[in-house]
Amino acid sequence: MFDKREIFHNILRTWYLKHKRDLPWREQVSPYYIWLSEIILQQTRVDQGLPYYFKFISKYPTIFDLADASEEEVLKLWQGLGYYSRARNLHATARIIASERNGQFPETYAELKKLKGIGDYTASAIASICFNEPTAVVDGNVYRVLSRIFGISTLVNSTAGAKEFKALAQHLIDSDDPGTFNQAIMEFGARHCLPQNPDCPNCVFATNCEALRTGAVGKLPVKLSKKPVRKRFFNYIVMLSEAHNSTWLRQRNGKGIWQHLYEFPLVETDKEVSAAELLEHEGYKSLCKKLSVEGLTLYNEEAIVHKLSHQHINTRFWIARTSDTDEKAVRYSEITNYPVPVLIENFISEFPVFKN
DNA sequence: AAGGCGGGGGC
DNA sequence: GCCCCAGCCTT
């Protein structure tokens, strides 16, 4: 179809020069900015990530500033963006590069990929954009664009698919300007070759697109259907010590969602429970061993359903009063310093007691 | 090879 | 509701 890769390059480059967005990390190409933007944009739309990019470069102008911060501070800045392992790995990698490499990023795909949080895609993006290494990126956009233009129905989220699309992208890449090629094909996927209702009649690849020719645009790319979401039932115990103007927060450790973020003491149940059932629950009883609880009233009768891509968390907040306090207590005025999931942030911001 | 990991936007 | 987003890591 493209006997000469140059044809593909020229069509793509012409489109890109006309339609590319002015994104802040494109203004001055530095590995730190590119790395930061690429981590933020993993599984995240540009519009959603942009405010976070500005917050991070403002608070941490250099990688040394990021390395000097605490993980908790970084998580707080990341709060609301999701996939929090990105923030933890970002911080860990900043510390490695600052302390072991004098702030200098590795300059090759192979070396970049060894760093925490940098996989095949991100290593290719940094190596090509910053160091002109001809290594092709394959993200969701590239899967979509290539599967359609070349009419490839291989499952994209399979080992075979990853291999096939990487090889094709690597074959197509413009070695003279790999960074621009990579950004252009992604931008084309993000702005023109959309998942739903792409504007095929006005597409610069219309005469070259196999999927358009065969009417398969809507069927490509082919993905594995995802499994049904897990339903969970969270009961948060919001302790109020009015004598000390303090409540309790706990950090989530171990596996699962929201690692290292904070939340109120949690009692997870296998269904929605009444107050009587909660009082008899082992998780609640062990919580009460640690401090005297003087009352338990339900804050929201109607459970809040917090929807993650893979879990639906039915949540009810229970207000409890106590006269105890201890070193784990958090003063109302300091509660906003802690990184918390959006579910908790929403409650805090609407709960009258915590309003200053 | 498969599953877990957030939150938001578009339709 | 469903799909997708400049993916990565663990098991």
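Look at A:K255 and you'll find a side-chain N or O under 4.0 angstrom from OP1 or OP2 of C:dT11. Contact between the side-chain N/O atoms of A:K116 and the OP1/OP2 oxygens of C:dT10 is not found at any separation under 4.0 Å. Here A:Q43 does not reach the OP1 or OP2 of C:dC5: none of its side-chain N or O atoms lies under 4.0 Å away. Residue A:H310 places no side-chain N or O under 4.0 Å from the OP1 or OP2 atom of B:dG4. Remark: A:Q48 is not in phosphate contact with B:dG9, judged by side-chain N or O atoms under 4.0 Å from OP1 or OP2. At the phosphate of C:dC5, neither OP1 nor OP2 sits under 4.0 Å from any side-chain N or O atom of A:Y83. In this structure, A:H306 reaches the B:dG7 phosphate: one of its side-chain N or O atoms is under 4.0 Å from OP1 or OP2.
Out of C:dA6, B:dA1, C:dC8, the shortest distance to the side chain of A:T159 is found at B:dA1. Distances were taken from every side-chain heavy atom of A:W258 (C-beta onward) to each of B:dG6, C:dG7, B:dG9; the shortest belongs to B:dG6. In the set B:dC5, C:dG1, C:dA6, the nucleotide with an atom closest to the side chain of A:I257 is B:dC5. Comparing C:dA6, C:dC4, B:dG4 against the side chain of A:K227 picks out B:dG4 as the nearest. Distances from the side chain of A:K307 to the nucleotides C:dG1, C:dC4, B:dG7 place C:dG1 closest.
The CG-C1' distance, from A:L41 to B:dG6, rounds to 15 Å in whole Å. Atom P of nucleotide C:dC5 and atom CD1 of A:I40 are separated by 19 Å, given to the nearest angstrom. Protein atom CD of A:Q311 is 10 Å distant from nucleotide atom P of B:dG7, rounded to whole Å. If you take CG of A:D47 and C1' of B:dG8, they are 11 Å apart, rounded to a whole angstrom. A:R88 has its CZ atom 11 Å from the C1' atom of C:dC8, to the nearest Å. As a whole-Å value, the separation of A:Y143 OH from C:dC3 P is 19 Å.
Counting heavy atoms from C-beta outward, A:E210 and A:T214 have side chains that approach closer than 4.5 Å. No side-chain heavy atom of A:V305 sits under 4.5 Å from any side-chain heavy atom of A:T315. Taking 4.5 Å as the limit, some side-chain heavy atom of A:D120 sits within range of a side-chain heavy atom of A:K113.
Comparing A:R144 and A:Q42 by the nucleotide of DNA chain C that holds the closest heavy atom to each, the one mapping nearer the 5' end is A:R144. Of the two residues near DNA chain B, A:R45 and A:A160, the one whose nearest nucleotide lies more 5' is A:A160.
Between A:F347 and A:F317, the two ring planes are parallel [angle under 30°; tilted spans 30° to 60°]. The aromatic rings of A:F234 and A:W258 sit perpendicular, their planes meeting at an angle over 60°, well past the 30° parallel limit.
Defined by atom type and a distance below 3.5 Å, a donor-acceptor pair is present between the side-chain atoms of A:T122 and A:Q42. Between the side chains of A:R144 and A:N141, at least one donor N or O lies within less than 3.5 Å of an accepting N or O.
Straight-line distance between the C1' atoms of C:dC9 and B:dG8: roughly 23 Å, to the nearest whole Å. The gap from the P atom of B:dG6 to that of C:dT11 amounts to 15 Å, rounded to the nearest Å. To the nearest whole angstrom, the two C1' atoms, one in C:dC8 and one in B:dG9, are 23 Å apart. When the C1' atom is used for both C:dA6 and B:dC11, the distance is 22 Å, rounded to whole Å.
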(message) Counting Watson-Crick and G-U wobble pairs with both distances under 3.5 Å, what is the dot-bracket string for DNA chain B, 5' to 3', using [ ] for crossing pairs and | for pairs to another strand?
(response) |||||.|||||
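A:I118 comes within contact range of the sugar-phosphate backbone alone, with a heavy-atom separation under 4.0 Å but no base atom that close. Counting non-hydrogen atoms under 4.0 angstrom, A:R232 reaches nothing in the nucleic acid. A:G256 comes within contact range of the sugar-phosphate backbone alone, with a heavy-atom separation under 4.0 Å but no base atom that close. Among the protein residues, A:D120 comes within range of the sugar-phosphate backbone only, with heavy atoms under 4.0 Å from sugar or phosphate atoms but none that close to a base. Residue A:S158 is classed as having no contact, given no heavy-atom separation below 4.0 Å to the nucleic acid. Residue contacts for A:L23: at a heavy-atom cut-off of 4.0 Å it reaches a base atom on one of the strands shown. Base contact: A:T44 has a heavy atom under 4.0 Å from a base atom. Residue A:G189 is out of contact with every strand shown, counting any heavy-atom pair closer than 4.0 Å. No engagement by A:W78 is indicated, since no non-hydrogen atom pair under 4.0 Å with the nucleic acid exists.
Looking at every heavy atom in both residues, A:G283 comes nearest to A:V267 through C-CG2, 4.0 Å.
Checking each of A:L249, A:I237, A:N235 against A:F264 for a side-chain contact (heavy atoms from CB on, under 4.5 Å) leaves exactly one that passes, namely A:L249.
Taking the charged nitrogens against the carboxylate oxygens, A:E282 and A:K285 do have a contact shorter than 4.0 Å, which makes a salt bridge.
Donor-acceptor pairing under 3.5 Å, judged by distance alone, is present between the side chain of A:S309 and the base of B:dG6.
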